[in-house]
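Excluded from the calculations below are hydrogen atoms, water molecules and symmetry mates; all remaining heavy atoms, backbone and side chain alike, are included. Naming: A, B, ... by sequence-line order, numbering from 1 per chain.
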Number of protein chains: 2
Amino acid sequence: MNDTPSPDDGAPVKVRKAERTRQRILDTSLRLFREVGYEATTMRRIATEAEVSLGNAYYYFRSKDHLIQEYYGQAHREHLVACRSLLEEETDLRARLAGVLHAKIATSEPYHRFAGQLFRTAADPTSPLSPFSPESAPVRTEATELMARIVDESETRVPKVLRPELPNLLWLYLMGIILFWIHDASEGAERTHRLIERTVDIVVRLISLARLPVLRPLVQTAVSLTQELRQLAAPALPEASS
Amino acid sequence: MNDTPSPDDGAPVKVRKAERTRQRILDTSLRLFREVGYEATTMRRIATEAEVSLGNAYYYFRSKDHLIQEYYGQAHREHLVACRSLLEEETDLRARLAGVLHAKIATSEPYHRFAGQLFRTAADPTSPLSPFSPESAPVRTEATELMARIVDESETRVPKVLRPELPNLLWLYLMGIILFWIHDASEGAERTHRLIERTVDIVVRLISLARLPVLRPLVQTAVSLTQELRQLAAPALPEASS
DNA sequence: GACTCCTTTTGAACGTGTTCAACAAGTAGA
DNA sequence: TCTACTTGTTGAACACGTTCAAAAGGAGTC
């Protein structure tokens, strides 16, 4: 069992062991979340199946909720993989945006039931699991950067007013789609995919329409609103701007 | 104690007693929600303070969540009272809309902390407490009718495309404001009130802009989207159309 | 009163997430 | 080897929401 061959760098075996325990708990959790859903996955069951005591699970993860933060990360990484080729080949903005959204829904599908139950916790503003919480900042930032990439590497020119805020707006749009998907009980999330097809058109149209003089003040307000939103979520948000 | 003078109509005293017990539990719950928040209000405490056994509370209310449905109703009634004079006197759409929204936030203020915790449950799509759930339909309908009244009795003409769907759109807008308010920790919800002032302008502007030929297709799509949303929430929604 | 039937009420019991004092196991210095 | 010290681990205990079999109460009928 204790196969730790050639501990390179003289790294302490202790750390390794702790890391393995942590990983075992994490893997078991994510598997159970997928297999039996959020609520049926009790901390006792996680502990039992990970061959660890109940208290030990709490040593590594402060609460059941905190286990979910890990899910966010994993889900995002899977999404990135699913998007890669599309982002490398496609240059049309509409196609890029639609593709990324469809991929998000598709990769999330195994976790559909889980996500529904999870949402209950994630929607709580005081919860560290809220997508707006400081704890979620890393994943949120990564996701926003993905949105920026969709736009930047496309052939569409974005009106200047919109440019700095557009990735955040698109991230909000993604959150909206996910919200819809969570409620969507249709076969294969077919309705959500149709929703994407229809709303992507609007969004792309709006991006160009933002140029229109009539709409200028509107756009200005909308942009400043998202800034307000951001302030609301994080009173002090230390973010590396790139 | 047993003061049931002149049981008119020969109504069975039994029913009266049951009704009183139910009311006592309900009053105690709402008071505790206000005073100590959602989570600190345990079913045991409600039972104790209502001078009733724990099981008895469950006889009248299927779960802690169901107690909240009652809160929705009460909150809406308080909102109506707070709006009355404004709706009778004011005819300008912007002023009417802003007034109603400000009133909603103001009357909800005592429940701010409670609402934050509550939201955790209410955001769960499978929860009967979701504002989109069938169980919430009565209050939702009433609130939507209030939105219709804001528009109908104002002096502003609404473009035909928008008319049937506008109350629902405004209700969604209200939900958005409440969502912001829940996250808003500023003194006296001052930020939410500012948000209302700014967004009301946009909304009113959008209502007139909906006439613009350029935007026609956009508006069309937006309208049909809300219909989609409605379908999502309630697979079979029996609603009295007036 | 005695009987039946339905409504109301009780409190013990279950499984849950979480906490915590205690213990075990490694690690490093003497 | 002995001695601290940190890290990792345990399981009992707590309060919670919820359930349920059983008891009590009340109303009508004989």
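Between the OH atom of A/Y59 and the C1' atom of C/dA21 there is a distance of 15 Å, given to the nearest Å. Nucleotide C/dG17 holds its P atom 11 Å from the CD1 atom of A/I68, rounded to whole Å. Atom CG of B/N56 and atom P of D/dA24 are 16 Å apart (whole Å).
With values rounded to the nearest 0.5 angstrom, B/I25 atom CD1 is found 11.0 Å from B/E70 atom CD.
Here the side chains of A/I46 and A/L54 are not in contact, with every heavy-atom distance at 4.5 Å or above.
For A/H102 (side chain) and A/I196 (main-chain N/O), no donor-acceptor pair under 3.5 Å exists by modelled atom type.
Checked by atom type, the side-chain pair A/T192/A/D184 shows a donor-acceptor distance below 3.5 Å. At a cut-off of 3.5 Å, with distance as the only test, no side-chain donor of A/T28 or A/E49 sits close to an acceptor on the other residue.
Comparing atom distances between the A/K17 side chain and each of C/dT8, C/dT9, D/dG8 picks out D/dG8 as nearest.
Between B/T21 and C/dT8, a side-chain N or O to OP1/OP2 separation shorter than 4.0 Å is absent.
A salt bridge is absent between A/E145 and A/R149: the closest approach of a Lys/Arg side-chain nitrogen to an acidic carboxylate oxygen does not fall below 4.0 angstrom.
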Any protein N or O atoms within reach of nucleotides 16-19 of chain D? Criterion: under 3.5 Å, listing atom names and distances.
{"from": "D/dG17", "atom 1": "OP1", "to": "B/K64", "atom 2": "NZ", "distance (Å)": "2.9"}
{"from": "D/dG17", "atom 1": "OP2", "to": "B/M43", "atom 2": "N", "distance (Å)": "2.9"}
{"from": "D/dG17", "atom 1": "N7", "to": "B/R44", "atom 2": "NH1", "distance (Å)": "2.7"}
{"from": "D/dG17", "atom 1": "N7", "to": "B/R44", "atom 2": "NH2", "distance (Å)": "3.4"}
{"from": "D/dG17", "atom 1": "O6", "to": "B/R44", "atom 2": "NH2", "distance (Å)": "2.8"}
{"from": "D/dT18", "atom 1": "OP2", "to": "B/Y58", "atom 2": "OH", "distance (Å)": "2.9"}
{"from": "D/dT18", "atom 1": "OP2", "to": "B/K64", "atom 2": "N", "distance (Å)": "2.8"}

